[in-house]
Amino acid sequence: MSNFSLLVKPIWQPWLFWGGLTLFLALGISLTLWQLPMAEPYVRSVMVLSGNIYQGEQIFLLNCASCHGVAGVGQVGPSLINVASRRSQAGIIHQITSGRTPPMPKFQATPQEMADLLSYLNTL
Ligand code: HEC
């Protein structure tokens with residue numbers, strides 16, 4: 001019995017150990033990266049609020065329509081029709097607050113303003 005386990009162990013055990021570990025780490029890392037934006041305090045504070053679509057439309061017309069067109073059909077900036085199906089909610093929030101894609105400016109909105117804006121964008 002002990003002879004048998006001595007013979008078999010070195011073949012499958014390292015494979016199982018390293019394979020399992022790699023799979024576990026890969027799963028853990030990708031799950032963390034996926035969830036990380038949602039864990040940000042600002043994003044979280046936006047997501048717990050329910051937005052007012054009408055308020056969101058006013059914010060959009062004032063700040064965004066010059067580039068994205070009335071009703072988000074696109075002008076200087078790309079069309080935002082169906083943007084909620086292309087991008088995650090956290091991704092849209094980052095797009096709006098980061099200013100990483102000039103000429104789109106960086107916007108600073110209160111969580112409630114952002115929730116309103118998001119609820120409007122989700123209807124486009
Ligand atoms: C000065 C022009 C300008 C203004 C004002 C502006 N944007 Fe943009 N926006 C852009 C441009 C240009 C892009 C494309 C950036 C890129 O992807 O490189 C963009 C991209 C985006 C995207 C990503 C679209 C996608 O398909 O991934 C979102 C969402 C967005 N804008 C929302 C907004 C919102 C909401 C506002 C108002 C708060 C706003 N933008 C104001 C120019 C503008």
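Both ligands and their constituent atoms are indexed starting at 1 by order of listing. Please read these numbers as outputs of a predicted model, since none were measured by experiment.
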Should one rank [options] by closest heavy-atom distance to [atom], which comes out on top?
atom	options	answer
atom 6 (C) of ligand 1	Arg100, His94, His68, Gln75	His68
atom 24 (C) of ligand 1	Leu80, Asn63, Ile92	Leu80
atom 16 (C) of ligand 1	Thr101, Leu61, Leu124	Thr101

Original post:
Does ligand 1 have a heavy atom under 4.0 Å from the side chain of Pro105, from its backbone, from both, or from neither?
Top reply: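 Only the side chain of Pro105 comes within reach of ligand 1.
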Subject >> Gln95 contact mode with ligand 1 (heavy-atom cut-off under 4.0 Å) >> reply: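 For Gln95, the contact with ligand 1 is made by the side chain alone.
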Closest protein heavy atom (residue, atom, distance) for [atom]:
atom	value
atom 41 (C) of ligand 1	Phe107 CE1, 3.5 Å
atom 12 (C) of ligand 1	Pro103 CD, 3.6 Å
atom 36 (C) of ligand 1	Cys64 SG, 2.7 Å
atom 3 (C) of ligand 1	Cys67 SG, 2.6 Å
atom 42 (C) of ligand 1	Met104 CB, 3.5 Å
atom 11 (C) of ligand 1	Pro78 CD, 3.7 Å

Considering non-hydrogen atoms only, spot the tightest contact between [X] and [Y] and give its length.
X	Y	value
Ser79	Val73	CB-O, 3.4 Å
Gln89	Ala84	NE2-CB, 4.2 Å
Asn63	Ser66	O-OG, 4.4 Å
Asp116	Ser50	OD1-O, 4.5 Å
Val83	Leu121	CG1-O, 4.1 Å
Tyr42	Ile93	CE2-CG2, 3.7 Å

Original post:
Under a single-linkage definition using a 4.5 Å side-chain heavy-atom cutoff for Ile, Leu, Val, Met, Phe, Trp and Tyr, are Leu118 and Phe107 assigned to the same hydrophobic cluster?
Top reply: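 Hydrophobic grouping puts Leu118 with Phe107.
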**OP:** Give the atoms of ligand 1, by number and element, whose distance to some non-hydrogen atom of Ile96 is under 4.0 Å.
**Re:**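 Counting atoms of ligand 1 from 1, those under 4.0 Å from Ile96 are 35 (C).
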Original post:
Does some side-chain heavy atom of Ser98 sit less than 4.5 Å from a side-chain heavy atom of Lys106?
Top reply: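 Lys106 does not reach Ser98 side chain to side chain.
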**OP:** Could you tell me whether Arg86 and ligand 1 have an N or O pair separated by under 3.5 Å?
**Re:**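 It does: an N or O of Arg86 is found under 3.5 Å from an N or O of ligand 1.
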Original post:
Under 3.5 Å, N or O to N or O, is Arg87 touching ligand 1 that way?
Top reply: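 Yes - when backbone and side-chain N and O of Arg87 are compared with those of ligand 1, one distance drops under 3.5 Å.
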**OP:** Assess whether atom CZ of Arg86 is packed by more than 12 heavy atoms of other residues, nucleotides or ligands within 6.0 Å.
**Re:**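 Yes.
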